[in-house]
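The structure appears below as structure tokens.
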Amino acid sequence: MKKTNIKTVKGFNEILPPESFRWRLVEDKFRTLLEGYGFAELRLALLEPTELFARSIGGETDIVEKEMYTFTDRSNRSLTLRPEGTASVVRAYNQYSLGKISEINKLYYVGPMFRYERPQKGRYRQFNQLGAEVFGETSFYQDAETLVMLAQFFHALSVKGVVLHLNSLGCEACRPTFRDQLKDYLDQRQEALCGDCRRRISENPLRALDCKNPQCRETVTDAPLISDALCDGCRQHFSGLCGLLDDVGLDYQVNPKLVRGLDYYTRTTFEFLASDLGAQNAVAAGGRYDRLVEELGGKATPAFGFAIGFERLMMLIGSEIAPLSSPCVALVPLGEKALRLLFPIHVELNREAPVTTLGFQQKSLKSQLKKADRDGVRYALIVGSDELDQGEALCRNMRTKEQFRLPFDRLGEALRELYHEC
RNA sequence: GUGGGUGUAGCUCAGUUGGUUAGAGCGCAGGAUUGUGGCUCCUGAGGCCGAGGGUUCAAAUCCCUUUACUCACCCCA
């Protein structure tokens, strides 16, 4: 404690074993599922020009205003550690002209994001997201497929108590009208709103809808609803999506007051909310953003995406997931000569799979068996002076306590056979 | 940025109204007649009691400051 005074930066979340094994399992499930649906992985830069986020997320959002890790590098460029994944994916989509390679692009990513916020339960300054984006598809079938896929992911992990909340935010045709309507409504009730909401009236009035201040909530109960203001196109898109979700039996709640903190969303927007996560209850969220690709300088391309909060997801998953495969045989040398004999076998056997364990300290048989037991191996292979004399190792089945002999000259293949039985 | 809570062994925590060398459980290491694990028993290692200052004959304990963690607000995954 006294000399380890260099510690992680506040809020930077690190994953230690055995938790890291659980993370791997969940991540593997995510990859398998998404690749099954035709997604391919993108591994992108963690550091981007600051301008990317200012333009994509929205200059007026809290994320850009006060939550980014922004600094200038040695050549005085303003750089930012990515606070989310979508902006970078869109940047890459444009930069590498992915739209020209194929009409539809389904991409996913896994990795850390950075936001300078006060850490608390389920929120860190370095946190991890599992995310995916689909480019080039306007159909509500795409929205539905992606939402169902997410629900399948949660189901496969036995996550219970997550509810899908759905809304449509309209498009460039109908949202401005609604925005003005809402602005008027809020303007007339300024006194009843909190300071933040008053500020929001001009900047982003939609966000006043999901303010948690009780008084604001009450004030907003009779506010105009976006669902009443949607244009025909948006209305059909949304009802089409709901119809598909009904068809496949995916439960959802339409929440007309659900809005997003990021400016780029259009039409479908959603959150998967967990009941037992405390205040940070959104495990996954996302929606459609049909304008962003063009706004970032690309060809107009519709898109749909989501991000899952990895830490939050892991809090919802029971810790009873089975550990990864463990070694099968503990090699137990008694003395330097035996160790010397076993070492080449050990390194040969573990080339491709965890078959054996071998300790290099000269320890008593008793403590080596103790360790073998803790490691959960099925067999202990004992080599002491007797065995060296006879040219045979003594193999003990840790469960049945049966012991049998294995000649040195075929130890390797014999252990390999035992491993395949494990 | 604003509030509240908590910092004692690797982990989970005890520690009386301030009073000797600071405790338990788990974990770790070793042992219980020569080379046989899990159960039991014994022994051991491991702490500047988060840090700094103050009050006192005496501080883990009281006061101040600071820092870290944590929960909530804000916002978000």
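Here is how names work: the chains are called A, B, and so on, in the same order as the sequence lines, proteins then strands, and each is numbered from 1.
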Nearest-Å distance once atom [atom1] is located in both [N] and [M]:
| N | M | atom1 | value |
| --- | --- | --- | --- |
| B:rU61 | B:rU20 | P | 14 Å |
| B:rG7 | B:rG44 | C1' | 28 Å |
| B:rA72 | B:rU56 | C1' | 39 Å |
| B:rG46 | B:rC41 | C1' | 22 Å |
| B:rG18 | B:rC63 | P | 11 Å |
| B:rA60 | B:rU43 | P | 28 Å |
| B:rC42 | B:rG52 | C1' | 43 Å |
| B:rA77 | B:rA14 | C1' | 39 Å |

[X]: partners by side chain to side chain donor-acceptor pair (under 3.5 Å), with sequence neighbours left out:
| X | result |
| --- | --- |
| A:Glu19 | A:Arg22, A:Trp23 |
| A:Asn13 | A:Glu311 |
| A:Thr70 | A:Thr80 |
| A:Lys183 | none |

A:Tyr108 ring center near A:Phe30 ring center (under 6.0 Å): yes
Under 3.5 Å, which donor-acceptor pairs do the side chains of residues 328-347 of chain A form with other protein atoms, sequence neighbours left out?
residue  : atom : partner  : partner atom : Å
A:His346 : ND1  : A:Asn350 : ND2          : 3.1
A:His346 : ND1  : A:Thr356 : OG1          : 2.7

Contact list for RNA chain B against residues 31-47 of chain A - heavy-atom distance below 4.0 Å: none
B:rU36 base / A:Gln368 side chain donor-acceptor hit below 3.5 Å: no
Donor-acceptor pair present, A:Arg312 side chain and B:rC76 base, under 3.5 Å: yes
First of A:Lys401 and A:Gly286 reached from the 5' end of RNA chain B, by closest nucleotide: A:Lys401
Upstream residue (5' side of RNA chain B) when A:Glu117 and A:Gly11 are each assigned their closest nucleotide: A:Gly11
May I ask you to evaluate whether [X] reaches the phosphate of [N], defined as a side-chain N or O under 4.0 Å from OP1 or OP2?
| X | N | value |
| --- | --- | --- |
| A:Gln120 | B:rA72 | yes |
| A:Arg396 | B:rG35 | no |
| A:Lys10 | B:rC69 | yes |
| A:Arg123 | B:rC73 | no |

Touch class at under 4.0 angstrom, heavy-atom based, for A:Ala282 against every strand present: sugar-phosphate
Nucleotide B:rG35, atom C1' - distance to CZ of A:Arg405 in whole Å: 12 Å
Canonical and wobble pairing (Watson-Crick, G-U, under 3.5 Å) of RNA chain B, dot-bracket with |: (((((((..((((.....[...)))).(((((.......))))).....(((((..]....))))))))))))....
What nucleotide, of [options], holds the atom closest to the side chain of [X]?
| X | options | result |
| --- | --- | --- |
| A:Asp386 | B:rA68, B:rG35, B:rA72 | B:rG35 |
| A:Leu365 | B:rU36, B:rC74, B:rC76 | B:rU36 |
| A:Lys121 | B:rU36, B:rA77, B:rC71 | B:rC71 |
| A:Arg374 | B:rC28, B:rA68, B:rG3 | B:rC28 |

Pairs in or reaching into [range]: which pass salt bridge (charged side-chain N to carboxylate O under 4.0 Å, His left out), with residues at least two apart or in two chains?
| range | result |
| --- | --- |
| residues 282-296 of chain A | A:Asp143-A:Arg288, A:Glu172-A:Arg291, A:Arg288-A:Asp290, A:Arg291-A:Glu294 |
| residues 357-375 of chain A | A:Lys371-A:Asp375 |
| residues 124-137 of chain A | none |

Reported NZ-to-CD1 distance for the pair A:Lys257 and A:Ile226, which is rounded to 0.5 angstrom: 12.5 Å
Results of ring-ring contact (aromatic ring centres under 6.0 Å, His included) for A:Tyr252 - residues two or more places apart only: none
Sort me out a list of protein N/O and nucleotides 30-32 of chain B N/O pairs below 3.5 Å, or just none if empty.
residue : atom : partner  : partner atom : Å
B:rG30  : OP1  : A:Lys363 : NZ           : 3.4

B:rA77 base stacked by A:Phe310 (centroids within less than 5.5 Å, tilt under 30°): no
Face-on cation placement of A:Arg189 at A:Tyr185 ring, 6.0 Å and 45° thresholds: yes
Shortest non-hydrogen contact between A:Phe140 and A:Leu241, atoms and distance: CD1-N, 3.7 Å
